[in-house]
Amino acid sequence: MPTECNPTLFDFAPVDGRAVVASFDGGRITSDAGALLLGATDRTLRLTRRLAACFTDWRNPAFVEHDVETLVMQRIVGIALGYEDLIDHDELRHDPVMAVLAGKLAARRSDCAPLAGKSTLNRLELSRPEPSR
């Protein structure tokens with residue numbers, strides 16, 4: 001039985017000057033496109049921004065690639081999509097839907113991915129004002 005798909009494109013907020021649309025004719029790109037609805041809801045309610053404001057960022061700004069709000073968004077969306085383990089983020093850091101949600105399609109440095117890996121997220125979750133090592 002053939003599947004009936006709606007050929008209409010679903011428009012979302014642009015990211016880095018690029019249009020973001022959901023359609024069913026792009027081939028196999030991601031299985032997590034439903035997360036775009038989470039992102040649209042979050043932009044309206046500003047939950048991620050408000051939660052990120054609860055963190056104190058002790059990192060040296062000269063070496064920061066991923067800001068706290070991006071890290072919080074990445075972690076929350078990962079959990080909502082069923083990726084509860086931090087190790088999953090070593091693959092998710094390259095996912096185009098996660099990059100759209102973070103509003104960051106490309107890294108600022110050539111040696112980084114657009115999003116954070118498991119080690120950076122782990123440091124966020126376990127951060128404290130004084131060094132622990």
Side chains of L51 and I76: closer than 4.5 Å at any heavy-atom pair?
-> yes

For K104 and E65, what are the C-alpha separation, side-chain angles and deciding distance, and is it a salt bridge (Lys or Arg N to Asp or Glu O under 4.0 Å)?
-> CA-CA 11 Å; K104 187 177 175 195; E65 171 68 28; 3.0 Å; yes

Shortest non-hydrogen contact from V68 to A52?
-> CG1-O, 3.8 Å

M98 versus R93: any side-chain heavy-atom pair under 4.5 Å?
-> no

Between the CG atom in L47 and the CZ atom in R49, the distance rounded to the nearest 0.5 Å is 11.5 Å

Please tell me if the side chains of L101 and L38 come closer than 4.5 Å, counting only heavy atoms from C-beta onward.
-> no

Any side-chain donor paired with an acceptor under 3.5 Å for D67 and T70?
-> yes

Under 6.0 Å from the CZ atom of R108, do we count more than 12 heavy atoms belonging to anything else shown?
-> yes

Do D42 and M73 come within less than 4.5 Å of each other through their side chains, counting heavy atoms only?
-> yes

If you take all heavy atoms of L86 and R75, which pair is closest and at what distance?
-> CD2-NE, 3.4 Å

Does a side-chain heavy-atom distance below 4.5 Å link V77 with Y83?
-> no

Is there a path of hydrophobic side-chain contacts, each under 4.5 Å between heavy atoms of I, L, V, M, F, W or Y residues, that connects L115 with L81?
-> yes

Just by modelled atom types, is the A116 backbone N or O under 3.5 Å from a matching donor or acceptor in the Q74 side chain?
-> yes

To the nearest 0.5 Å, how far apart are CZ in R50 and CD in E69?
-> 12.0 Å

Decide yes or no for F55 and V72: does some side-chain heavy atom of the first lie under 4.5 Å from some side-chain heavy atom of the second?
-> yes

Closest heavy-atom pair, A113 versus A107, reported as atoms and distance to 0.1 Å, is O-CB, 3.4 Å

Take D111 and R109, measure what salt bridge (Lys or Arg N to Asp or Glu O under 4.0 Å) needs, and give me the verdict at the end.
-> CA-CA 6 Å; D111 62 337; R109 299 188 328 231; 3.3 Å; yes

Value rounded to 0.5 Å, distance of CD1 in I87 from NE2 in H89 = 11.0 Å

More than 12 heavy atoms from other groups under 6.0 Å of CD on E84 = no

Heavy-atom check, side chain of L124 versus side chain of T120, under 4.5 Å = no

Look at the side-chain heavy atoms of Ile, Leu, Val, Met, Phe, Trp and Tyr, link any pair under 4.5 Å apart, and say whether L105 and V20 land in one connected group.
-> yes

Would L92 end up clustered with L37 when hydrophobic side chains under 4.5 Å apart are linked, directly or stepwise?
-> yes

Between G117 and D90, the two heavy atoms sitting closest are CA-OD1, 3.4 Å

Flag, side chain of D16 to backbone of R18, donor-acceptor distance under 3.5 Å = no

